Amino acid sequence: MVFYRGVSAISRLRSRAVQQSSLSNSARWLQMQSSSELDLKSQMREIIPEQQDRLKKLKSEHGKVQLGNITVDMVLGGMRGMTGLLWETSLLDADEGIRFRGMSIPECQKVLPSAQSGEEPLPEGLLWLLLTGKVPSKEQVNALSKELAHRAAVPDYVYKAIDALPSTSHPMTQFASGVMALQVESEFQKAYEQGDVHKSKFWEPTYEDALNLIARVPVVASYVYRRMYKDSSIIPLDDSLDYGGNFSHMLGYDSPQMKELMRLYVTIHSDHEGGNVSVHAGHLVGSALSDPYLSFAAALNGLAGPLHGLANQEVLLWIKSVVEECGETISKEQLKDYVWKTLNSGKVVPGYGHGVLRKTDPRYVCQREFALKHLPDDPLFQLVSKLYEVVPPILTELGKVKNPWPNVDAHSGVLLNYYGLTEARYYTVLFGVSRSLGICSQLIWDRALGLPLERPKSVNMEWLDNFMRLKR
Ligand code: NMX
Ligand code: MLT
């Protein structure tokens, strides 16, 4: 139940936003859906039994097949290279990069529907692909756009929970707190407490939570942005817009190019197979049958770390510090010195390196292509391009860095900065909004496939010493 209070100007604006989305009740929405072809949940209902059978067959026929050996290095080294998770929505190749349900980023850009006057894929299309494994039609994507806009009502207490924090607190703290407050409406938690849903049907309330969460996070994220940087002048959702366009609009950026950037941004940051810190955290927490809000909040807390999602903030701040010290037209020699200075002070070069990738991240490449098309003369873009030439040889020279190439975060900040979204501390929130698509899609599948509680075995150094002694 959504609760409205119209006491202040902000509350009135919020209420307007909520009223515009007053059809958010998902049951009502489903009544309005005339064709199951256009209804994502009906499509999933058809696909799920096939996939359940597939998993059963894999287990019974191949359950005892070995996938590799676990070495001590792997145990001590953050489980790098250890295959240990099932993740259906995307798969990462060390050289090629990410594939969403088998499709590379350029393929997604080619086949996923775009906005009427745009070229970049609509994130709703990617969500459909992640959930069903099928490329949606334009009509299916339009229906999903409308469904998400109708689900986007955010209860007033969510804003109050955020308002309880100092406006100077980190945007990720405010965002994650907002997501936790959204949890009050969890349909999964309600269903579980009432005890009237059989576990084979857990995916259904999970689906409702997941779609509501995906719909609502841009509203919460925009609220945090406008609260922090725009005197709390809140911009209500426009339900005639698509997901990415709307997010850009609510943040206060209405240029067609920024909306296109947002569509691309949300699409490419959505998922990166199952082992990265944020999605793994979400999946782990979800495996305890914690609902999607609890799971996604956990994921956000992982994303907020500087070695993971916070790197996009760190990159822009670092680039700005380069400019502050050396100016925009810095030479390659000066840039080399600056990189060495960073490394010699015991810091990492943000935006470079990766736990799995061993080549330039295709998410970097597609952002570079966007920049070459729309902002080729931007001085910060040119600096980013110069870094692409300067940093990899230096990291290679260090001798220990496994991947000297840039990752997704090396590029995103300068694009946002160019369109006026200059507040670097906010950038990880954008990443977080996008990641809701991947994490929530897999959570639905986790429940549909009945995946178990995640509980790997740990050992201590004494155990390892004893093991080695016995082996000798
Ligand atoms: N700058 C300096 N040193 C680096 C870098 C870098 N960009 N990347 C790796 N190293 C170091 C790393 O710190 C480690 O040093 P030590 O043995 O002294 O601890 C050594 O090289 C070996 O690390 P790798 O095995 O190459 O990398 P790992 O898988 O452990 O870590 C990252 C991956 C992404 C954490 C690491 O490359 C890094 O810190 N990059 C900079 C931060 C960043 O851009 N993170 C964003 C990743 C993408 N994302 O969005 O999550
Ligand atoms: C991600 O998008 O999650 C990052 O590239 C980190 C990773 O995949 O390990």
Side-chain angles (χ1 to χ4, degrees), residues 73-74 76-82 84-85 87 89-100 105 130 172 265-283 299-319 336 338-367 384 387-388 390-413 424 427-439 442:
D73 269 349
M74 286 169 166
L76 303 183
M79 297 192 276
R80 254 357 144 272
M82 196 191 279
L85 293 164
W87 194 263
T89 48
S90 66
L91 187 65
L92 185 62
D93 178 88
D95 296 322
E96 260 202 335
I98 195 66
R99 281 184 181 269
F100 303 115
I105 288 176
L130 292 179
M172 282 299 277
Y265 187 104
V266 175
T267 298
I268 64 174
H269 286 78
S270 59
D271 204 21
H272 218 229
E273 74 167 31
N276 67 73
V277 171
S278 54
V279 310
H280 187 192
H283 178 72
L300 286 179
N301 292 329
L303 195 70
L307 294 187
H308 188 24
L310 202 83
N312 58 8
Q313 156 185 322
E314 295 301 287
V315 168
L316 198 77
L317 294 177
W318 187 80
I319 286 177
K336 274 184 200 165
Y338 200 90
V339 171
W340 275 116
K341 194 170 105 178
T342 301
L343 292 170
N344 291 336
S345 65
K347 294 181 183 135
V348 294
V349 179
Y352 281 76
H354 201 271
V356 177
L357 283 167
R358 292 297 174 255
K359 294 269 169 66
T360 299
D361 190 335
R363 298 172 298 177
Y364 175 94
V365 175
C366 74
Q367 293 182 90
V384 163
L387 283 167
Y388 194 14
V390 165
V391 175
I394 296 179
L395 291 183
T396 305
E397 198 180 322
L398 268 188
K400 61 177 181 178
V401 181
K402 296 196 188 62
N403 174 36
W405 301 106
N407 60 56
V408 66
D409 300 316
H411 216 307
S412 51
Y427 289 172
T428 311
V429 175
L430 301 172
F431 196 156
V433 167
S434 166
R435 203 76 353 155
S436 69
L437 272 61
I439 291 171
Q442 181 62 41

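Remember, it's 1-based here, ligands and their atoms both numbered in the order they're listed. Every heavy atom of this structure was used, including side-chain atoms; hydrogens, water molecules and symmetry mates were not. Numbers for residues simply follow the sequence, beginning at 1. None of these values were measured; they are calculated from a predicted model.
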[X] contact mode with ligand 1 (heavy-atom cut-off under 4.0 Å):
X	answer
Val348	both
Asn276	neither
Glu314	neither

Which residues pass the ring-ring contact (aromatic ring centres under 6.0 Å, His included) test with Tyr352, sequence neighbours left out? none
Minimum-distance protein heavy atom relative to [atom]:
atom	result
atom 27 (O) of ligand 1	His354 O, 4.3 Å
atom 44 (O) of ligand 1	Gly351 N, 2.7 Å
atom 50 (O) of ligand 1	Asp409 OD2, 2.5 Å
atom 45 (N) of ligand 1	Leu307 O, 2.9 Å
atom 51 (O) of ligand 1	His308 ND1, 2.7 Å
atom 3 (O) of ligand 2	Arg435 NH1, 2.7 Å
atom 25 (O) of ligand 1	Lys402 NZ, 2.8 Å
atom 41 (C) of ligand 1	Tyr352 O, 3.2 Å
atom 30 (O) of ligand 1	Arg80 NH2, 3.1 Å

Working for side-chain contact (heavy atoms from CB on, under 4.5 Å), residues His283 and Leu85: CA-CA 10 Å; His283 178 72; Leu85 293 164; 3.9 Å; yes
Counting only heavy atoms not in Met82, do more than 12 fall under 6.0 Å of its CE? yes
Against heavy atoms of [X], which atoms of ligand 2 measure under 4.0 Å?
X	answer
Asn276	3 (O), 6 (C), 7 (C), 8 (O), 9 (O)
His354	4 (C), 5 (O), 6 (C), 7 (C), 8 (O), 9 (O)
Arg363	1 (C), 2 (O), 4 (C), 5 (O)

Atom pair [atom1]/[atom2] of [X] and [Y] - distance to nearest 0.5 Å:
X	Y	atom1	atom2	answer
Tyr338	Ile319	OH	CD1	11.0 Å
Arg99	Glu273	CZ	CD	13.5 Å
Ile98	His269	CD1	NE2	12.5 Å
Asn301	Met172	CG	CE	7.5 Å
Leu310	Leu317	CG	CG	8.5 Å

Does His272 reach ligand 2 with a nitrogen or oxygen that is under 3.5 Å from one of the ligand's nitrogen or oxygen atoms? yes
In terms of side-chain heavy atoms, does Ser412 have a donor or acceptor partner in Asn312 at a distance below 3.5 Å?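 Note: Ser412 and Asn312 side chains miss the donor-acceptor criterion.
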Taking every non-hydrogen atom, the tightest pair across Met74 and Gly81: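 In this case the closest contact between Met74 and Gly81 is CE-O, 3.6 Å.
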Look at [atom] and find which of [options] reaches it with the closest heavy atom.
atom	options	result
atom 1 (N) of ligand 1	Asp361, Val339, Val349	Val349
atom 5 (C) of ligand 1	Val401, Val391, Asn312	Val401
atom 23 (O) of ligand 1	His272, Lys400, Arg435, Lys347	Lys400

Report the part of Glu273 (side chain from C-beta onward, or backbone N, CA, C, O) that has a heavy atom under 4.0 Å from ligand 2; answer both or neither where that applies.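 For Glu273, no heavy atom sits under 4.0 Å from ligand 2.
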Is His280 touching ligand 2 with its side chain, its backbone, both, or neither, if touching means heavy atoms under 4.0 Å apart?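 No part of His280 is near ligand 2 at this cut-off.
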Take [atom] and look for protein heavy atoms under 4.0 Å from it; say yes if you find one, no if not.
atom	answer
atom 12 (C) of ligand 1	no
atom 8 (N) of ligand 1	yes
atom 32 (C) of ligand 1	no

Any chance you could lay out the side-chain contact (heavy atoms from CB on, under 4.5 Å) test for Tyr388 and Thr360, step after step, and finish with the verdict? CA-CA 10 Å; Tyr388 194 14; Thr360 299; 2.8 Å; yes
Distance-only donor-acceptor hits, side chain of residues 390-405, under 3.5 Å, sequence neighbours excluded:
from	atom 1	to	atom 2	distance (Å)
Thr396	OG1	Pro392	O	2.7
Asn403	OD1	Trp405	N	3.3
Asn403	ND2	Leu357	O	3.2

Could you list which atoms of ligand 1 come closer than 4.0 Å to a heavy atom of Ala311?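 In order of numbering, the contacting atoms are 43 (C), 44 (O), 45 (N), 46 (C).
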Ligand-residue contact atoms, ligand 1 with Gly355, heavy atoms, under 4.0 Å: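 Within the 4.0 Å cut-off of Gly355, ligand 1 contributes 29 (O), 33 (C).
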Do His411 and Pro406 have side chains that get closer than 4.5 Å, going by heavy atoms? no
Does the ring center of His272 lie less than 6.0 Å from the ring center of His354? yes
Which residue, Thr428, Asp271, Asn276, forms the side chain to side chain donor-acceptor pair (under 3.5 Å) with Arg435? Asn276
